[in-house]
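Treat the numbers as computed from the prediction; the structure is a model and nothing was measured.
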Amino acid sequence: MTLILDPDDPTGWREAPVSATDERSGAAHGAGHAASDRLTAGLNPQQREAVEYRGPALLIVAGAGSGKTRVLTHRIASLIDGREAWPSQILAITFTNKAAAEMRERVEALLGEAAGGMWISTFHSACVRILRREAEAIGLSSTFTIYDSADQRTILKRIIKELDADTLGFTPASAQAKISKLKNELSDVETFARNVNTNDPNEVMFLEIFRQYTRRLRDASALDFDDLISETVYLFRAFPKVAALYQRRFRHILVDEYQDTNHAQYALIRELTRPVEPDVVAELDAHGVLVRGMTDASGRIPGASLTVVGDSDQSIYAFRGADIRNIVEFERDFPGAKVVLLEQNYRSTQNILSAANAVISNNFDRKDKKLWTADGDGDKITGYTGYTAHDEAQFVVDEIEALHRAGVAYRDMAVFYRTNAQTRALEEIFVRSAVPYRVVGGTKFYERAEIKDAMAYLIAVANPLDELALRRILNTPKRGIGPATETSLASFAEQNDLSFRQAMRAADGLGLGPKVTKAITDLANVLDEAAAMLVPSQKGIDEGTNEGAAKVSDVLALLLDRSGLVAALRGSRDPQDETRAENVEELLAQTKDFDRENPGATLVDFLTQVSLVAAADELDDASGTVSLMTLHTAKGLEYHAVFLTGLEEGLLPHQMSASEPGGPAEERRLFYVGITRARKRLFLSLAMSRAQFGEVSVAMPSRYLQEIPDELVDWKQSPGMANSRGGSQPRALNARRGGYGGAGGGAWGTRDRDLERFSVTKSAATKTEWANRVTGTVRDNGDLTLEAGDRIRHTDFGEGTVRQVTGEGSKRIAHVAFDAAGQKKLLIKIAPIEKL
DNA sequence: CCCATTTCGTTTTTT
DNA sequence: ACGAAATGGG
């Protein structure tokens with residue numbers, strides 16, 4: 001292990017800190033005072049306190065839109081400006097890379113100068129940075145690969161197949177979820193093995209899967225997402241001297257979105273804020289690390305000061321291990337912690353906030369907290385119930401166009417939904433209406449097969465041990481290397497204790513066919529050649545820089561050319577391959593951008609950046625497009641106008657969450673997060689029927705809609721209206737009241753409690769309208785039977801003749817030729833039709 | 001070993 | 001409905 005002075009420490013570090021630490025104790029004097037005035041101007045008293053408080057631990061409970069980013073940036077700026085800390089002593093953790101970049105910009109704007117050396121990044125980026133630097137301590141190559149979920153699944157699939165574990169019900173997805181959960185709880189294979197119940201064949205099998213998985217990642221010098229955090233924790237625990245370097249360096253640690261940290265992240269923060277004990281201080285000193293002036297009376301370097309910002313009402317990542325207790329029990333974990341509450345909202349109108357307050361107050365077990373604004377009520381919330389998802393999408397697009405005509409920029413509007421699958425109908429209508437839009441997240445550029453192929457070439461060059469990458473490119477493009485050849489290469493490697501890559505180089509001696517052998521050695525040579533381009537010049541090596549190494553784009557260009565990947569796509573007769581070739585060219589263009597924007601950066605830097613992009617990082621503020629994204633991706637963002645779509649039972653709350661403890665409460669928080677993204681206009685919409693798995697099914701309004709006080713919402717078409725057509729058939733519908741638990745109800749989640757609550761709080765006028773929904777049924781034509789030749793009347797389309805009836809039971813569909821409106825398909829059960 | 005056809009499962013959210 | 005993966009013939 002090597003102990004070196006942190007290269008990011010600013011020059012002058014060795015002379016300066018004594019005076020810096022002297023000033024640290026004398027809070028606000030002289031220049032520091034003037035600066036603090038400047039940096040707290042325009043803040044409310046709570047915000048000001050959050051900026052100015054100094055102590056070991058500070059919890060800022062920040063409601064949505066309460067200016068927490070402002071508080072964080074001002075707090076960092078005031079620490080630096082008041083000479084209380086060097087920029088390099090700051091570690092700020094944000095949720096996305098984009099948020100990190102923004103925060104850095106804002107801090108530098110406040111300071112009026114660049115503040116190099118600050119670490120502002122996500123948990124994952126910070127950990128990668130530490131791990132690459134300290135890799136050798138834990139027996140890892142510093143060029144380790146980061147495996148994404150798809151990579152994990154590929155490996156697990158192979159393992160499960162080899163072990164025949166599918167007979168015990170294991171799937172790659174289930175094993176992946178279980179492994180991830182364990183790692184988030186900092187339980188590694190050996191810990192798990194100790195506690196395993198050897199009588200349970202399922203557990204024994206899982207242990208074997210976990211073992212193999214761990215071994216393969218280690219052999220490939222690869223880490224998965226969860227490893228990035230947990231391995232850093234293990235590194236710090238196993239090597240106190242390494243930990244001490246970072247504990248000494250980071251004097252102020254700030255964590256945003258603390259409510260969404262999991263146990264491993266919590267442990268990491270604990271390690272980083274630990275004091276450095278005197279014996280370790282002495283060792284650091286002996287290695288030339290400056291410690292003078294940093295120790296307290298007991299000879300320790302005190303733990304870093306910790307600031308966390310969060311809002312337990314916005315905790316929406318329990319499914320990936322986020323533990324709400326981290327924030328709830330902060331005061332217990334860090335005794336003497338100061339708590340500051342930010343409740344004043346600077347983002348939304350009072351109507352939007354009232355809706356948000358009303359919804360979230362239904363979650364029990366929370367500290368009551370009410371958002372308020374001094375800016376007035378604003379417009380009412382607009383509601384709409386479509387007949388289908390397309391109808392709903394049309395409403396969204398119509399409103400967007402109206403807003404745009406009224407002067408709202410497209411980029412200031414966003415459409416949110418619960419699941420990615422919901423984009424389909426929305427996109428169709430957006431395209432048809434020629435409204436510029438962008439789907440944020442979803443199927444990402446880097447997840448496309450051809451891009452993963454090209455990336456695998458780069459990975460294979462950067463990390464020769466990565467067998468997964470090598471296997472991926474072995475026969476891509478087609479070189480006549482099939483599974484049989486691949487297996488013999490793998491077993492040759494195994495038997496001779498070689499890496500897969502070394503086996504490829506030695507393919508001559510395998511007795512394979514001459515054509516196949518040449519294909520393998522050619523590929524190995526191309527990879528070697530590319531690797532040679534990446535070696536820095538002697539000067540670069542001496543100075544520890546990347547000088548003389550080829551640019552990422554040049555390496556990729558060579559690989560694409562010599563492997564024939566692009567040529568194969570161009571020459572293919574599959575018309576889609578032309579697009580794929582263009583995508584690969586786009587990747588090449590992106591590496592050129594990367595080279596330009598990051599001079600001196602390495603291939604590994606590029607691969608890291610690509611691995612760690614978050615969905616929200618793709619957002620481009622300058623693009624004049626409407627943003628479409630999931631509610632999860634929307635966290636932390638804000639828009640002038642927000643559309644919350646698909647507000648239906650089964651979707652929000654999602655079907656899958658119903659069985660999980662705390663599921664419905666978390667889904668409610670998700671709704672709350674969505675509502676509070678809106679500044680001026682909020683639109684709530686749903687559809688009465690929704691296609692799923694290609695089949696149309698009846699949808700019910702989300703239970704959360706009822707939690708919004710009636711007077712806040714202006715329904716252009718309420719669920720009741722949409723179902724009953726303005727009450728044209730209220731009797732028939734009311735007749736079914738009480739019978740919703742039976743056959744007609746399906747997935748309806750309305751409970752008695754809601755019924756009561758609803759009937760007490762709603763006005764008489766709207767009661768009738770909403771009553772239809774509360775009964776748990778939409779318009780129901782009962783057992784109306786139609787057959788080809790029948791004449792019907794539809795409230796929109798007029799009269800027509802039934803041509804055909806398809807489907808079964810409640811999903812029967814009538815194909816109708818309307819006299820005026822043409823051919824339509826109608827879901828018989830709910831369509832506003834009558835038989836003539 | 002390659003390609004075409006059939007079958008299957010997929011939809012919760014993500015670093 | 002759609003795309004990925006399994007199957008089977010060339």
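- A salt bridge is absent between A/Arg418 and A/Glu648: the closest approach of a Lys/Arg side-chain nitrogen to an acidic carboxylate oxygen does not fall below 4.0 angstrom.
- When rounded to the nearest whole Å, the span between CD of A/Gln152 and C1' of B/dT14 equals 12 Å.
- The distance between atom CG of A/Asn262 and atom P of B/dT15, rounded to the nearest whole Å, is 14 Å.
- The shortest side-chain heavy-atom distance between A/Phe671 and A/Leu647 falls under the 4.5 Å cut-off.
- In summary, A/Asp311 and A/Arg669 do not engage in a salt bridge, as defined by a charged side-chain N under 4.0 Å from a carboxylate O.
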N/O-N/O pairs, protein side and nucleotides 7-13 of chain B side, under 3.5 Å:
from	atom 1	to	atom 2	distance (Å)
B/dT12	O4'	A/His654	NE2	3.4
B/dT12	O2	A/Arg418	NH1	3.2
B/dT12	O2	A/Arg418	NH2	2.1
B/dT12	O4	A/Glu660	OE2	2.7
B/dT13	OP1	A/Asn420	N	2.8
B/dT13	OP1	A/Asn420	ND2	3.0
B/dT13	O4'	A/Arg418	NH1	3.1
B/dT13	O2	A/Arg418	NH2	3.2
B/dT13	O2	A/His632	NE2	3.4

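- Using a 4.0 Å cut-off between charged side-chain N and carboxylate O, A/Glu428 and A/Arg424 make no salt bridge.
- Atom P of nucleotide B/dT15 and atom CG of A/Asp256 are separated by 15 Å, given to the nearest angstrom.
- Computed from coordinates, the A/Lys635 NZ to B/dT15 P distance equals 11 Å when rounded to whole Å.
- Heavy atoms of A/Ser611 sit nowhere under 4.0 angstrom from any nucleic acid atom.
- Considering only residues two or more places apart in sequence or on other chains, A/Asp224 meets the side-chain hydrogen bond (donor to acceptor under 3.5 Å, both in side chains) condition with A/Gln152, A/Lys183, A/Tyr213.
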Short N/O separations, protein against nucleotides 6-10 of chain C, under 3.5 angstrom:
none

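- When rounded to the nearest whole Å, the span between CG of A/Leu228 and P of B/dT15 equals 13 Å.
- The two atoms that bring A/Arg703 and A/Pro664 nearest to each other are NH1-CB, 4.2 Å, heavy atoms only.
- Atoms CD1 (A/Ile93) and P (B/dT15) sit 16 Å apart, rounded to a whole Å.
- If you measure from atom CZ of A/Arg448 to atom P of C/dG3, you get 12 Å, rounded to the nearest angstrom.
- Between A/Asp260 and A/Lys635 there is a salt bridge, with a side-chain nitrogen of the basic residue lying less than 4.0 Å from a carboxylate oxygen of the acidic one.
- Residue A/Thr171 is out of contact with every strand shown, counting any heavy-atom pair closer than 4.0 Å.
- In this structure, A/Glu392 pairs ionically with A/Arg690, as a charged nitrogen and a carboxylate oxygen lie closer than 4.0 Å.
- If you take CD1 of A/Ile520 and C1' of B/dC1, they are 14 Å apart, rounded to a whole angstrom.
- Using a cut-off of 4.0 Å between Lys/Arg side-chain N and Asp/Glu carboxylate O, A/Asp453 and A/Arg580 are scored as not salt-bridged.
- The shortest distance between the side-chain N/O atoms of A/Ser180 and the OP1/OP2 oxygens of B/dT14 is not below 4.0 Å.
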